[in-house]
Amino acid sequence: KVLNRADELGELSQSFESMREHLHDTSQHIEELAYFDAFTGLPNKVSFIDTIQQLIEKSQVSGHQVAILFFDLDNFKHINDNLGHHVGDEVIKTVAQTAANTLRTNDVIARIGGDEFIIALPRTTLLQAKEIANRILENIRSHRFITKEGADFSVTASLGVAYHHQNKSVTFDVKSLMESADTALYQSKRAGKNRFTVAA
């Protein structure tokens with residue numbers, strides 16, 4: 001409790017209160033750094049893994065399905081190399097916002113590094129997951145980027161879908177589900193990019 005006194009005890013009390021508030025703010029900032037991507041403001045990989053683990057556990061009880069979407073940008077290195085990292089940074093931020101705006105209220109998107117993003121779709125069907133994947137790719141490629149230097153371009157993405165089948169005998173965990181989505185993503189790359197693939 002802060003003592004509102006004009007003597008040394010009052011000053012000491014106010015100093016301690018100021019220190020407490022600073023420590024609280026610092027603690028919150030550290031927690032944000034641990035669980036959120038400072039660049040885009042999205043959850044990071046650590047936060048995402050916690051979230052998807054909870055969703056899978058809930059699905060075991062509720063019977064609802066969970067889908068994972070893993071995507072990255074096609075030829076993103078060319079943007080950094082030819083237009084500069086400052087343009088690449090703006091592309092990442094815009095893509096993050098575009099994908100986030102495409103999702104439903106309870107869906108979760110995270111940036112896991114570079115131009116790689118991962119999405120959890122709780123309480124979803126495979127058909128819904130495919131529709132969302134298609135909308136994300138369409139919204140990304142339909143956005144036009146115009147730089148201060150006059151460059152006008154668009155980007156495309158490749159995406160992999162992994163679906164948690166509650167009715168299968170196979171038990172999915174977070175690692176295997178993410179690996180399946182990652183494998184499906186690279187199948188999309190090999191098939192020509194700018195598309196999505198559903199993991200077998």
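What's counted below: heavy atoms across the whole structure, side chains too, no hydrogens, waters or symmetry copies.
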Q. Less than 4.0 Å between a side-chain N and a carboxylate O, is that true for Asp74 and Lys189?
A. yes
Q: Would you tell me whether Asn134 and Glu138 have side-chain atoms, one donor and one acceptor, within less than 3.5 Å of each other?
A: no
Q.
Under a 3.5 Å cutoff, is there a donor and acceptor pairing between the side chains of Asn139 and Thr98?
A. no
Q. Closest approach of Asp37 and Thr40, non-hydrogen atoms and distance?
A. OD2-OG1, 2.6 Å
Q: May I ask you to decide if Ala151's main-chain N or O and Thr147's side chain share a donor-acceptor pair within less than 3.5 Å?
A: yes
Q: With sequence neighbours excluded, tell me which residues meet ring-ring contact (aromatic ring centres under 6.0 Å, His included) with Phe71.
A: Phe117
Q.
Checking side chain to side chain contact (heavy atoms under 4.5 Å, CB included) between Ile109 and each of Thr102, Leu103, Leu69, which is the one that passes?
A. Leu103
Q) Between Ser154 and Arg141, which heavy-atom pair has the shortest distance, and what is it? A) CB-O, 3.7 Å
Q) Using a distance-only test with no angle check, is there a side-chain donor-acceptor pair under 3.5 angstrom linking Ser47 and Asp50? A) no
Q) Can you name the closest pair of heavy atoms from Gly88 and Asn80 and give their distance? A) CA-OD1, 3.4 Å
Q.
For the aromatic rings, using the six-membered ring if either is Trp, is the centroid distance between Phe145 and His143 under 6.0 Å?
A. yes
Q. Where is the tightest heavy-atom contact between Arg123 and Arg104, given as atom of each residue plus distance?
A. O-NH1, 4.1 Å
**Q.** Smallest separation among heavy atoms of Lys130 and Val198, with atom names
**A.** CE-CG2, 3.8 Å
Q) Any ring-ring contact (aromatic ring centres under 6.0 Å, His included) pairs touching residues 174-200, not counting sequence neighbours? A) none
Q. Closest heavy-atom contact between Ser180 and Ala162?
A. CB-CB, 3.8 Å
**Q.** Any side-chain donor near an acceptor of the partner, Ser158 and Ser188, under 3.5 Å
**A.** no
